[in-house]
Amino acid sequence: MNNIWAAALLGTFAGCLGTGLGGLIISTLRTPKSKTISFILAFSGGIMLAVIFNDLIPESLAYGDISTMLIGFLVGCVALYIMDHVVPHVHVSAVGNHDKKTMRLIRTSILIGIGIAVHNFPEGLAIGAGYAASETLGIGLAVILALHDAPEGMAMAGPMKAANLSPLRIVATCTLAGVPTGLGSLLGAYLGGVSELFLSISLGFAAGAMLYLVFDELLPIAQELNSKHSTTFGAIVGVVVGILFMAFLG
């Protein structure tokens, strides 16, 4: 039971830190150039790919077999696909693209925040399932997903900064969008602790959900923001750093 609450705290910290950091960057500094955001997104995607194929899938197979891993993997992909259609996710490209009326800007940031919050829940499932398998994997996933959440916090903070809200209010609002990550982590750790079968499926789910996130969101948006080589270099560097990072934690 202690592990479940530890996973929940870890997920909450990771989610709130990521989106809160994005809000802090936008509220106190200049909006980063598209090339920089493109590199960061691709870098995050590269790290996720390394974790998916170097840790999540092998761990899922170790606790189950190819069928349990594939079941979880496909359910994770489908769940993210459905969520993207039921709750449209306002992407990072929304930064800097604002209406001039303050109330509409605030409404825009709220809608972006709702989308981010809902999509943070399955990310929390990944952290919780990883933590149930090993503390090292859970911590690694938390760090990686916090990095991914920072640009999303920037997307949410952009309209609020344009509406001249205070930096404190911007950061606090962005931080709240990360709370569902903790709820997802709680459920992921609980399901992962039920049995090795559930753990295998949960880890497969995490792999599928993260892979969908990489190919549907991170890499396409990174390419859209900068069509040159920043996306390619960012992804390659991310894969290398991800492999080294998980090896170091292991």
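Heads up: numbering here begins at 1 and tracks the sequence.
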**side-chain contact (heavy atoms from CB on, under 4.5 Å) partners of Ala142, counting only residues at least two apart** = Leu10, Ala14, Ile127

**Contact summary for Leu213 and Met48, nearest pair of heavy atoms** = CD2-CE, 3.9 Å

**Prompt:** What's in the same ILVMFWY side-chain cluster as Ile201, cut-off under 4.5 Å, chained through other members?
**Reply:** Leu197

**Prompt:** Quick one: CD1 on Ile236 to OG1 on Thr231, what's the gap to the nearest 0.5 Å?
**Reply:** 11.0 Å

**Prompt:** Is it true that Trp5 and Phe121 fall in one hydrophobic cluster, defined by side-chain heavy atoms closer than 4.5 Å?
**Reply:** yes

**Message:** Let me confirm one number: the CG-CG distance from Asn120 to Leu125, rounded to the nearest 0.5 Å.
**Reply:** 11.0 Å

**Message:** With rounding to the nearest 0.5 angstrom, report the CZ to OG distance, Phe43 to Ser38.
**Reply:** 13.5 Å

**Asked** Which residue pairs pass the side-chain hydrogen bond (donor to acceptor under 3.5 Å, both in side chains) test when at least one of the two sits in residues 193-202, sequence neighbours left out?
**Response** Ser60-Ser200, Thr68-Ser200

**Asked** So, for Ala133 and Tyr63, which heavy atoms are closest and what is the spacing to 0.1 Å?
**Response** O-OH, 3.3 Å

**Complete:** Output for pair (Thr136 OG1, Tyr131 OH), nearest 0.5 Å, gives 9.5 Å

**Request:** State plainly whether one hydrophobic cluster holds both Val143 and Leu49, where clusters connect Ile, Leu, Val, Met, Phe, Trp and Tyr through side-chain heavy atoms under 4.5 angstrom apart.
**Result:** yes

**Partner set under side-chain contact (heavy atoms from CB on, under 4.5 Å) for Ile52, not counting sequence neighbours** = Leu56, Ile57, Ala207, Met210, Leu211

**Nearest heavy atoms of Ser185 and Ala7, plus distance in Å** = CB-O, 3.3 Å

**Request:** Treating Ile, Leu, Val, Met, Phe, Trp and Tyr as nodes and any side-chain heavy-atom pair under 4.5 angstrom as an edge, say whether Ile139 and Leu199 lie in one connected cluster.
**Result:** yes

**Request:** Quick one: closest heavy-atom pair of Gly23 and Cys174, and the distance?
**Result:** CA-SG, 3.8 Å

**Message:** When you compare the side chain of Leu203 with that of Leu137, does any pair of heavy atoms fall below 4.5 Å?
**Reply:** yes

**Request:** Quick one: list whatever passes side-chain contact (heavy atoms from CB on, under 4.5 Å) with Val171, sequence neighbours left out.
**Result:** Leu24, Ser27, Thr175

**Message:** Determine whether Ile144 and Val51 satisfy the following criterion, side-chain contact (heavy atoms from CB on, under 4.5 Å), listing intermediate values before the conclusion.
**Reply:** CA-CA 9 Å; Ile144 291 162; Val51 172; 3.0 Å; yes

**Phe13 with Leu141, same ILVMFWY side-chain cluster at under 4.5 Å** = no

**Interatomic distance, Asn54 atom CG to Glu59 atom CD [nearest 0.5 angstrom]** = 10.0 Å

**Item:** Counterpart residues, side-chain contact (heavy atoms from CB on, under 4.5 Å), relative to Ile66 (two or more places apart)
**Value:** Leu61, Met69, Leu70

**With Tyr81 via ring-ring contact (aromatic ring centres under 6.0 Å, His included) - residues at least two apart** = His85

**Request:** Over all heavy atoms of both residues, which pair between Gly15 and Thr19 is shortest? Give the atoms and the distance, please.
**Result:** O-OG1, 3.0 Å

**Minimum heavy-atom distance Leu80-Tyr212, with the two atoms named** = CB-CD2, 3.4 Å

**Prompt:** Is Leu186 reachable from Leu17 through a run of I, L, V, M, F, W or Y residues, each pair having side-chain heavy atoms under 4.5 Å apart?
**Reply:** no

**Prompt:** Quick one: are Leu147 and Ile47 in side-chain contact, heavy atoms under 4.5 Å?
**Reply:** yes

**Prompt:** Heavy-atom count around Tyr190 OH within 6.0 Å, excluding the residue itself: above 12?
**Reply:** no

**Residues that Phe215 engages under ring-ring contact (aromatic ring centres under 6.0 Å, His included), provided they are two or more places apart** = none

